[in-house]
Amino acid sequence: MNTVAVVPGSFDPVTLGHLDVIGRAAKIFDEVHVVVVHNPGKEAMFPIAQRVALLEQAVSAAKFPGKLEITSWSVGLLVDYCTEVGASVLVKGIRSQVDVSYEQPMSIVNRNLASVETVFLLPDPANSHVSSSLVRQVAGLGGDVSPYVPPSVANYLAATELP
Ligand code: PNS
């Protein structure tokens with residue numbers, strides 16, 4: 001059986017924590033789609049196309065095994081994308097109990113909507129404090145974010161005037 005998994009997220013921008021989860025998913029599933037999704041509950045800093053471009057650079061440099069696709073989805077439900085590509089699994093990283101509380105209702109709703117199961121992976125504890133929001137805040141105030149993001153993102157943030 002060819003199991004297709006989707007790793008969704010805002011990726012605003014992609015962090016080392018995200019890459020950790022993507023790499024683990026790539027080892028487990030036959031095909032992994034990393035999907036930049038518009039989160040209606042968050043105001044994004046970077047346009048979706050830019051987030052996809054940064055993900056593509058980071059994933060290409062990481063040389064993960066297997067079949068990996070990077071794309072975006074901004075119309076309709078995330079499970080509609082899963083149905084379109086034949087994905088039966090969503091993959092999410094869990095850093096703490098806060099993530100469990102945030103993910104639990106989405107997991108149940110996605111299962112009810114389209115029988116898509118969510119698999120939770122525990123990233124390396126070295127990344128448990130890393131989040132895109134922290135990266136945006138530190139970068140926006142002129143701090144060094146290179147310990148938290150891939151080099152391509154650190155270079156992009158250093159060269160970009162942030163709002
Ligand atoms: O990186 P994030 O912001 O925590 O990712 C959350 C995301 C984008 C995966 C989540 O908001 C989502 O799944 N949005 C798609 C909209 C949707 O399908 N909602 C209904 C089921 S939860």
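Just so you know, these numbers come straight off a predicted model, no measurement behind them. Numbers here simply count residues along the sequence, with the first being 1. We count ligands from 1, going down the list as the structure has it; atoms in each ligand are counted the same way.
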Run the side-chain contact (heavy atoms from CB on, under 4.5 Å) check on Trp73 and Val6 step by step: do they pass?
CA-CA 11 Å; Trp73 182 253; Val6 167; over 6 Å; no

Within a distance under 4.0 Å of any heavy atom of Asn110, pick out the atoms of ligand 1 and give their elements.
21 (C)

Element-labelled atoms of ligand 1 that are located less than 4.0 Å from some non-hydrogen atom of Val37:
8 (C), 14 (N), 15 (C)

Is the shortest heavy-atom distance from the side chain of Tyr81 to the side chain of Val116 under 4.5 Å?
no

Measuring only between side-chain heavy atoms, which start at C-beta, is Phe29 closer than 4.5 Å to Val91?
yes

For Tyr148, is the OH atom crowded, meaning more than 12 foreign heavy atoms sit under 6.0 Å from it?
no

Do me a favour and list the nearest non-hydrogen protein atom to atom 1 (O) of ligand 1 with residue, atom name and distance?
Ser10 N, 2.8 Å

Non-neighbouring partners of Ser96 that pass side chain to side chain contact (heavy atoms under 4.5 Å, CB included), sequence neighbours left out
Val98, Asp99

Which ligand 1 atoms, with their elements, are less than 4.0 angstrom from a heavy-atom of Leu77?
18 (O), 20 (C)

If you have a sec, work out which protein heavy atom is nearest atom 22 (S) of ligand 1 and how many Å separate them, to one decimal?
Met106 CG, 3.5 Å

Arg95 side chain to Pro123 main-chain N or O, any donor-acceptor pair under 3.5 Å?
no

Side-chain heavy atoms under 4.5 angstrom apart, residues restricted to Ile, Leu, Val, Met, Phe, Trp, Tyr: same cluster for Phe46 and Leu134?
yes

Do ligand 1 and Lys92 have nitrogen or oxygen atoms that lie under 3.5 Å from each other?
no

For the 3.5 Å polar cut-off, considering only N or O atoms, please tell me whether Leu78 and ligand 1 meet it.
yes

Evaluate the criterion side-chain contact (heavy atoms from CB on, under 4.5 Å) for residue pair Leu19 and Phe64; output intermediate values, then yes/no.
CA-CA 10 Å; Leu19 284 179; Phe64 293 130; 4.1 Å; yes

Per-atom filter on ligand 1: closer than 4.0 angstrom to a heavy atom of Tyr102 are 2 (P), 3 (O), 4 (O), 6 (C)

Counting non-hydrogen protein atoms only, what is the nearest one to atom 7 (C) of ligand 1? Give residue, atom name and distance.
Asn39 ND2, 4.6 Å

State whether any protein heavy atom lies less than 4.0 Å from atom 20 (C) of ligand 1.
yes

His38, any N or O under 3.5 Å of ligand 1 N or O
no

